[in-house]
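Predicted model only: the values in this text are computed from it and were never measured.
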Amino acid sequence: MNITFEKLGNTHQKEVMDIFNYYVENSFAAFSETRLPDIFFEKIMEKIQDYPAYAIKDSDTGAIAGFCYLSAYHPFPTFKHTAQISYFILPHYTHAGAGKMSLDILETDAKKRGIRIILADISSKNPQSISFHEKYGFKRCAQLEKVGHKFGEDFDVIIMQKEL
């Protein structure tokens, strides 16, 4: 399987929202409890304005396998060296290297922009993501207890941090 990255744009709206809503309906990875309409893609695009964002493409089939991006941690310039990372990758690509490749490209872009700290907000009910981030150098820096409620269960948000 060959993975490539395309700059995320409006042409990816349907695929991005289908992938995001897959995680809304089937996991704790996306915090929303209900499907979001395709128009929500505009909110994502606003959030990532001036930050690197990619559609992850399976070059062999042409299918969009996921998406990834950095966004501002906080709007004040005093936090310009810190960014949040997000990625949603279809399950059959998660053990094929797409996650690591996404992290690598976003870290490279972050360094070029002067970003020194990357944060990830992860549900305590998403142990695969926690393990992934730990494996690649993220450390737990905070745990917000029982701040989320989905599928009839409370969950914590684990904030993980990596210094580049």
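Atom CD of E42 sits in a sparse spot, with 12 or fewer heavy atoms from other residues, nucleotides or ligands closer than 6.0 Å.
Relative orientation of the F79 and H74 rings is tilted, given thresholds of 30° and 60° on the angle between their planes.
Heavy-atom minimum distance, I89 versus T94: O-CG2, 3.5 Å. Summarising the geometry of F41 relative to G9, their closest heavy-atom pair is CZ-O, 3.3 Å, with the distance given to 0.1 Å. Across all non-hydrogen atoms, the minimal contact from Y51 to L70 is CB-O, 3.0 Å. P91 approaches Y22 most closely through the heavy-atom pair CG-OH, 3.4 Å. For the pair F5 and I56, the tightest heavy-atom approach, listed with the atom from each and the gap, is CE2-CG1, 3.6 Å. Residues Q84 and A72 share a closest heavy-atom pair of CG-O, 4.3 Å.
With hydrophobic clusters built from ILVMFWY side chains whose heavy atoms lie under 4.5 angstrom apart, L90 shares a cluster with I44. Tracing side-chain contacts under 4.5 Å through hydrophobic residues (I, L, V, M, F, W, Y), one never reaches I118 starting from Y73; they form parts of separate clusters. Hydrophobic clustering (side-chain heavy atoms under 4.5 Å, transitive across Ile, Leu, Val, Met, Phe, Trp, Tyr) groups F67 together with L36. Hydrophobic clustering, with ILVMFWY side chains joined whenever heavy atoms are under 4.5 angstrom apart, groups Y69 together with L164. Residues I3 and Y136 fall within the same hydrophobic cluster, defined by Ile, Leu, Val, Met, Phe, Trp and Tyr side chains chained together at heavy-atom separations under 4.5 Å.
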Stepwise ring-ring contact (aromatic ring centres under 6.0 Å, His included) check, H81 with F76: CA-CA 11 Å; H81 69 281; F76 292 127; over 10 Å; no

Stepwise, does the side-chain contact (heavy atoms from CB on, under 4.5 Å) test hold for I19 with N21? CA-CA 5 Å; I19 292 165; N21 282 321; over 6 Å; no

Passes side-chain contact (heavy atoms from CB on, under 4.5 Å), L119 versus T82? Steps please. CA-CA 7 Å; L119 301 174; T82 303; 3.8 Å; yes

Could you walk me through whether M45 and I48 pass side-chain contact (heavy atoms from CB on, under 4.5 Å), step by step? CA-CA 5 Å; M45 295 303 287; I48 62 172; 3.8 Å; yes

Would you list the atom pairs, donor with acceptor, under 3.5 Å between side chains in residues 146-161 and any protein atom, with sequence neighbours excluded?
| from | atom 1 | to | atom 2 | distance (Å) |
| --- | --- | --- | --- | --- |
| H149 | ND1 | E153 | O | 3.4 |
| H149 | ND1 | D154 | OD1 | 2.7 |
| K150 | NZ | V24 | O | 3.0 |
| K150 | NZ | S27 | O | 2.7 |
| K150 | NZ | A30 | O | 2.5 |
| K150 | NZ | S32 | O | 2.9 |
| E153 | OE1 | K125 | NZ | 2.8 |
| D156 | OD1 | K146 | N | 2.7 |
| D156 | OD2 | Q143 | NE2 | 2.5 |

Donor-acceptor list for residues 101-110 side chains, cut-off 3.5 Å, not counting sequence neighbours:
| from | atom 1 | to | atom 2 | distance (Å) |
| --- | --- | --- | --- | --- |
| S102 | OG | A98 | O | 2.8 |
| D104 | OD1 | K100 | NZ | 2.5 |
| D104 | OD2 | K100 | NZ | 3.3 |
| E107 | OE1 | K162 | NZ | 3.4 |
| E107 | OE2 | K162 | NZ | 2.6 |
| T108 | OG1 | D104 | O | 3.0 |
| D109 | OD2 | Y54 | OH | 2.4 |

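Qualifying salt bridge (Lys or Arg N to Asp or Glu O under 4.0 Å) partners for R140, counting only residues two or more places apart in sequence or in other chains: E134. Checked against side-chain contact (heavy atoms from CB on, under 4.5 Å), T11 has no partners two or more places apart in sequence or in another chain. For D18, the salt bridge (Lys or Arg N to Asp or Glu O under 4.0 Å) test picks out K14, with sequence neighbours left out.
Summarising the geometry, atom OG belonging to S129 is positioned 10.5 Å from atom CG belonging to D121; distances are rounded to the nearest 0.5 Å. Expressed to the nearest 0.5 Å, how far OG of S124 lies from CD1 of I130 amounts to 6.5 Å. Going from atom CD of Q49 over to atom OG of S71 covers 12.5 Å, rounded to the nearest 0.5 Å. Atoms CG and OG1, on D60 and T4 in that order, are 9.5 Å from each other to the nearest 0.5 Å.
The pair E163-R116 does not meet the salt-bridge criterion, since no charged nitrogen lies less than 4.0 angstrom from a carboxylate oxygen.
For residues 71-86, there are no salt bridge (charged side-chain N to carboxylate O under 4.0 Å, His left out) pairs, not counting sequence neighbours.
Without hydrogens or angle criteria, N126 side chain to I122 main chain gives no donor-acceptor distance under 3.5 Å. Formation of a donor-acceptor pair under 3.5 Å by the H12 side chain with backbone atoms of L8 is not found in this model.
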